[in-house]
2 protein chains.
Amino acid sequence: MAGIKDVAARAGVSVATVSRVLNGHSGVRADTRSRVLSAVSELRYRPNAVARSLRTDQTRTLGLIISDVLNPFFTELARAVEDAARSRGYSVIIGNADERLALQDHHVRTLLDRRIDGLLVSPAEGDSVALREAALSGIPMVFVDRWIEGIDVPVVRADGRAAVRELVGHLYGLGHRRLAIITGPVATTTSNERVEAFRSALREYGLPLPEAYIGQGDFQTESGRRVTSAFFGLDEPPEAVFATDNLMALGVMDELRLRGLRVPDDMALAAFDDIAWFPHIDPPVTAIAQPTPELGHRAVAALTDLVEGRSADSVTLSAHLIPRRSCGEDERSRR
Amino acid sequence: MAGIKDVAARAGVSVATVSRVLNGHSGVRADTRSRVLSAVSELRYRPNAVARSLRTDQTRTLGLIISDVLNPFFTELARAVEDAARSRGYSVIIGNADERLALQDHHVRTLLDRRIDGLLVSPAEGDSVALREAALSGIPMVFVDRWIEGIDVPVVRADGRAAVRELVGHLYGLGHRRLAIITGPVATTTSNERVEAFRSALREYGLPLPEAYIGQGDFQTESGRRVTSAFFGLDEPPEAVFATDNLMALGVMDELRLRGLRVPDDMALAAFDDIAWFPHIDPPVTAIAQPTPELGHRAVAALTDLVEGRSADSVTLSAHLIPRRSCGEDERSRR
DNA sequence: CTGAAAGCGCTTACAG
DNA sequence: CTGAAAGCGCTTACAG
């Protein structure tokens, strides 16, 4: 592979000059500039980004740690992040934490070793030593969707509380009184926010939220299945279940199907996060939608602000309820 | 951030010695070794991967170009690739081509600039200059799922022909005679394979495949919608449609819903690629499933073989039909 | 406007 | 068993 020396030799200039034209520095005579450019294209020269990074101490690369690639919400987020980053001249390296703290920390270390310019993270549950150290090291960092209490970096997220409250009202209006929830990992901010909003909305409606109706999940499919199974072991199973993410909603449906039961007759279902398949599910799933692409764009904007020496603030967008039929919305028409 | 010099100073040795213990070279006295290790952990030293890569000319990183991150098939593939790579000590950088040749080529160039050790790609449609040049440059490379005629590197894929043939038989057995297909981009190998298998199976059954029943799609949702709409503009719309990927099947369902029509009564539907939501769709979608995780694992095995100087062969796995209800399988029971 | 030289943080023959 | 030194491929003050 041709190096900068080959180009310099071919163009009859020094490597310094080649570097200057490649980096668009002004003050290179037009003809030497064009000689360099010809040499570059004749040799199909491409600068070695590794060498450049070592020298300039910047990689033009952002790291993105997502909780789970198999979750369409994060995949949509990743796509938006990559688009926004690319349009600003950055690449992004994605690390999939698979909701595991150890794997997440492995990725943040690997990313830092590679000297990424900034880190975007939707943290997994638990006390992340790697993330705390990263923050301490001063690398530009912003949280998306989830965050960690006590690490003081901007967070870009959607506040789902109003939508959850609206959902509870919706459920209540449909006649459901025994409402249950399936949470994410205990220490994730999004899960806590959704649980708290759910709890306080139930209180407003004078509805109880017994411990047994708080199913401990982990944002992954299997846990939705397990919790649903436990619900049916109760003397009084809930009438409606709110899964705090779409994968656990899948788990609920898997378990119901296994038991030959149906949504919403045997159990109403609503999910946090709207995905493309929901309108086609049997029955179409009532969901709370986040402005996912905007979340990604704003997160990249904040992070690149930091990377480029500007300041950045947190941003909070909002989510909204999309009623469909999985909560018994069409009871009247079906009867 | 501490550098190797700081560690050397603290341990009272040369940087060469630090490097040796870090790289596990034998022949370092036990006590100097442990002094180095203490210095490393006291300073929380982490080697600069950029500098190391420049020196060793290897990055322990694999590039993966996928056609579309929004497609659960590729997301599942990416996950398997990352797992397999990590267990072999490699990181992976994913580039999402979004089915666009230009974006794909942008990513392969960026990846090569970063001096990845090997490239895994599921190519987009069209003549990729970047990919041809990459192959010429001799970088270890393997195709997954799709490949490009004339670029001689191993390809790891599933042969879907038998399953497509089986699908046609299935459709025929269900009484469907007017069968249509929605293709991917014209020059993609997977699309061609699926179309050819479909065409030849129809011939076996003595069924025609009029031009109008070959809908030109691009593997993305919107094209499934558009083609379906065109089908309904025909004097005799097809009775059954085979979408050659899951996203276009989504498009078909979107369009049908828009028109107030139903699967399978108004149009039977089958899709290539099985995804987790299909069993819950109304009605559950008949699909052809690929051994996606294995595809990912085998692709990484082949690529790392190449990277590490061994030889690698192509591997062809197989796909299979999963009949559900979207082709009218339960007609008898419903009537 | 251009070149010679130093240096980014490592690894690795080469000596001893 | 360990160190001094060269060098990976760039960029960038510093001179001229």
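All chains are named by letter (A, B, ...) in the order of the sequence lines, taking the proteins before the strands, and each is independently numbered beginning at 1. Quick caveat: nothing in here was measured; it's all calculated off a predicted structure.
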Nearest heavy atom decides the nucleotide; on that basis, is B:Gly12 or B:Ala51 closer to the 5' end of DNA chain D? B:Gly12
With heavy atoms of chain A within less than 4.0 Å as the criterion, where does contact along DNA chain C begin and end? C:dC1 to C:dG9
Of B:Thr59, B:Thr61, B:Asn48, the residue whose pairing with A:Arg114 passes side chain to side chain donor-acceptor pair (under 3.5 Å): B:Thr61
Of residues 23-34 of chain A, the positions that come close to DNA chain D - non-hydrogen atoms, cut-off under 4.0 Å: A:Asn23, A:His25
Whether the side chain of A:Gln104 engages the backbone of A:Ala124 through a donor-acceptor N/O pair (distance < 3.5 Å, no angle test) should be reported. yes
Nearest heavy atoms of B:Ala51 and A:Leu54, plus distance in Å: CB-CD1, 3.7 Å
Electrostatic pair B:Arg146-B:Glu99, nearest N-O below 4.0 angstrom: yes
Taking the nucleotide of DNA chain C with the nearest heavy atom to each, does A:Arg35 or A:Val15 sit closer to the 5' end? A:Arg35
Give one of base, sugar-phosphate or nothing for A:Val13, where a contact means two heavy atoms less than 4.0 Å apart. sugar-phosphate
Minimum heavy-atom separation for B:Ser122 to B:Asp145, with atom names? OG-OD2, 3.8 Å
Inter- and intrachain pairs under salt bridge (Lys or Arg N to Asp or Glu O under 4.0 Å), touching residues 59-79 of chain B, at least two apart: A:Asp98-B:Arg79, B:Arg79-B:Asp83
Backbone N/O of A:Ala49 and side chain of A:Ser53: donor-acceptor pair under 3.5 Å: yes
Candidates A:Phe74, A:Phe73, A:Phe219 - the one meeting side chain to side chain contact (heavy atoms under 4.5 Å, CB included) with A:Ser67: A:Phe74
Can you check side chain to side chain contact (heavy atoms under 4.5 Å, CB included) on B:Tyr45 and B:Leu22, steps first, answer last? CA-CA 11 Å; B:Tyr45 169 71; B:Leu22 256 20; 3.4 Å; yes
Once Watson-Crick and G-U wobble pairs under 3.5 Å are found, how is DNA chain D written in dot-bracket notation, 5' to 3', with | for any base paired to another strand? |||.||||||||.|||
In residues 54-63 of chain B, what residues come within less than 4.0 Å of DNA chain D, judged by heavy atoms? B:Leu54, B:Arg55
Distance-only check: which donor-acceptor pairs under 3.5 Å involve side-chain atoms of residues 129-140 of chain A, not counting sequence neighbours?
{"unit_1": "A:Arg132", "atom_1": "NH1", "unit_2": "A:Asp127", "atom_2": "OD1", "d": "2.7"}
{"unit_1": "A:Arg132", "atom_1": "NH1", "unit_2": "A:Asp127", "atom_2": "OD2", "d": "2.8"}
{"unit_1": "A:Glu133", "atom_1": "OE2", "unit_2": "B:Arg44", "atom_2": "NH1", "d": "3.0"}
{"unit_1": "A:Ser137", "atom_1": "OG", "unit_2": "A:Ala134", "atom_2": "O", "d": "2.7"}
{"unit_1": "A:Ser137", "atom_1": "OG", "unit_2": "A:Ile139", "atom_2": "N", "d": "3.4"}

Backbone of B:Pro154 reached by a side-chain donor or acceptor of B:Ser314 within 3.5 Å: no
Contact class for A:Thr17 (heavy atom, under 4.0 Å): base, sugar-phosphate, or nothing? sugar-phosphate
Donor-acceptor check, side chain of B:His107 to backbone of B:Leu103, threshold 3.5 angstrom: yes or no? yes
Under 3.5 Å, side chain of A:Arg33 to main-chain N/O of A:Val28, donor-acceptor pair present? no
